[in-house]
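Some notes on the structure that comes next.
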Amino acid sequence: MDQLLGAIAQLFRYLLPVAGVVALVYLAFLFKKIIETLKEFDKTLAIVNEQVRKLDTPLETIENVSKSVDDVNTKAREVVVETARSLDKGSKQVKEWLADKKADGSIKENVDKVKSVANDVKDTVVDKVNEKREEHREFPVNHSQEEE
């Protein structure tokens, strides 16, 4: 048994350095492949960086357009608020004016005049419509059905 263990130990003494050399060669190839991959990765990053730099100008344009849209939106809001304020102020002034005219009694005369003119216009329009109807009136045509 001692001889068998001695023979196995002798065999491993020869195989162990060979296995170490094979492992070192394998590691060398592995490191070479990793270095080549890193070089390709560096080239790829350079290309990507170049393409991203090409996008800088269009992105700046989009940013400027976005800022312009924001400015227009802000100004539009300001205009709407000012318009609403002006309309509110104007409507208050009209109410005050109408209240003053109503108190004077002059608004009743103006309203009566407007109603009179509106009625005259209405009568004229109705008369004209009726005249046109009479001019273009079509008489119905009766079709008799033959009975068999």
Side-chain angles (χ1 to χ4, degrees), residues 8-9 11-148:
I8 292 175
L11 177 67
F12 280 114
R13 280 188 200 129
Y14 293 126
L15 287 179
L16 195 56
V18 171
V21 169
V22 170
L24 287 176
V25 169
Y26 177 74
L27 283 175
F29 283 126
L30 180 67
F31 285 135
K32 182 182 175 193
K33 190 67 172 172
I34 289 173
I35 290 170
E36 289 174 358
T37 303
L38 289 176
K39 285 180 183 177
E40 289 295 320
F41 185 69
D42 188 40
K43 290 178 185 177
T44 304
L45 284 179
I47 292 170
V48 168
N49 190 28
E50 181 181 328
Q51 296 298 323
V52 168
R53 285 188 182 164
K54 287 181 183 178
L55 289 175
D56 283 344
T57 304
L59 289 175
E60 286 178 17
T61 304
I62 291 171
E63 181 182 1
N64 291 336
V65 168
S66 175
K67 286 179 182 177
S68 298
V69 168
D70 289 342
D71 292 343
V72 167
N73 186 24
T74 302
K75 293 297 180 186
R77 283 183 182 171
E78 291 173 3
V79 166
V80 168
V81 167
E82 285 300 317
T83 304
R85 286 181 185 155
S86 296
L87 287 174
D88 185 44
K89 183 179 177 183
S91 66
K92 287 179 183 176
Q93 289 176 348
V94 168
K95 283 180 183 178
E96 290 173 4
W97 180 78
L98 286 174
D100 291 344
K101 291 294 182 179
K102 193 173 187 180
D104 293 348
S106 60
I107 195 160
K108 182 168 175 42
E109 295 170 6
N110 290 337
V111 168
D112 290 338
K113 288 179 186 176
V114 169
K115 283 182 181 178
S116 171
V117 169
N119 284 333
D120 290 343
V121 169
K122 178 184 142 199
D123 292 340
T124 305
V125 169
V126 168
D127 290 342
K128 290 291 182 184
V129 167
N130 287 335
E131 286 177 17
K132 290 294 180 182
R133 277 190 190 154
E134 290 298 323
E135 289 176 9
H136 295 290
R137 183 171 297 246
E138 294 182 22
F139 295 98
V141 178
N142 293 327
H143 295 283
S144 61
Q145 294 181 353
E146 294 180 17
E147 295 181 16
E148 295 181 8

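Excluded from the calculations below are hydrogen atoms, water molecules and symmetry mates; all remaining heavy atoms, backbone and side chain alike, are included.
- Not a single salt bridge (charged side-chain N to carboxylate O under 4.0 Å, His left out) links R13 to another residue, sequence neighbours left out.
- The distance from atom OG1 of T61 to atom CG of D56, rounded to the nearest 0.5 Å, is 10.5 Å.
- To the nearest 0.5 Å, the span separating CD1 on I34 from CZ on F41 amounts to 14.0 Å.
- To the nearest 0.5 Å, the span separating CG on N73 from OG on S68 amounts to 12.5 Å.
- The list of salt bridge (charged side-chain N to carboxylate O under 4.0 Å, His left out) pairs with a residue in residues 15-37, not counting sequence neighbours, is empty.
- Note on R85 versus E82: salt bridge recorded, some NZ/NE/NH1/NH2 to OD/OE distance being below 4.0 Å.
- Evaluation of the salt bridge (charged side-chain N to carboxylate O under 4.0 Å, His left out) rule for D88 yields K92 as partners, not counting sequence neighbours.
- Distance check: N119 CG to T124 OG1 gives 10.5 Å after rounding to the nearest 0.5 Å.
- Checked against salt bridge (charged side-chain N to carboxylate O under 4.0 Å, His left out), K67 has the following partners two or more places apart in sequence or in another chain: E63.
- The closest donor-acceptor contact from the side chain of T83 to the backbone of V79 lies under 3.5 Å.
- I8 is linked by a side chain to side chain contact (heavy atoms under 4.5 Å, CB included) to L4, F12, counting only residues two or more places apart in sequence or in another chain.
- Residues passing the salt bridge (charged side-chain N to carboxylate O under 4.0 Å, His left out) test with K75, sequence neighbours excluded: E78.
- With rounding to the nearest 0.5 Å, the separation of OG1 in T37 from CG in D42 is 12.5 Å.
- Separating the CD atom in E40 from the CG atom in L45 is a distance of 11.5 Å, to the nearest 0.5 Å.
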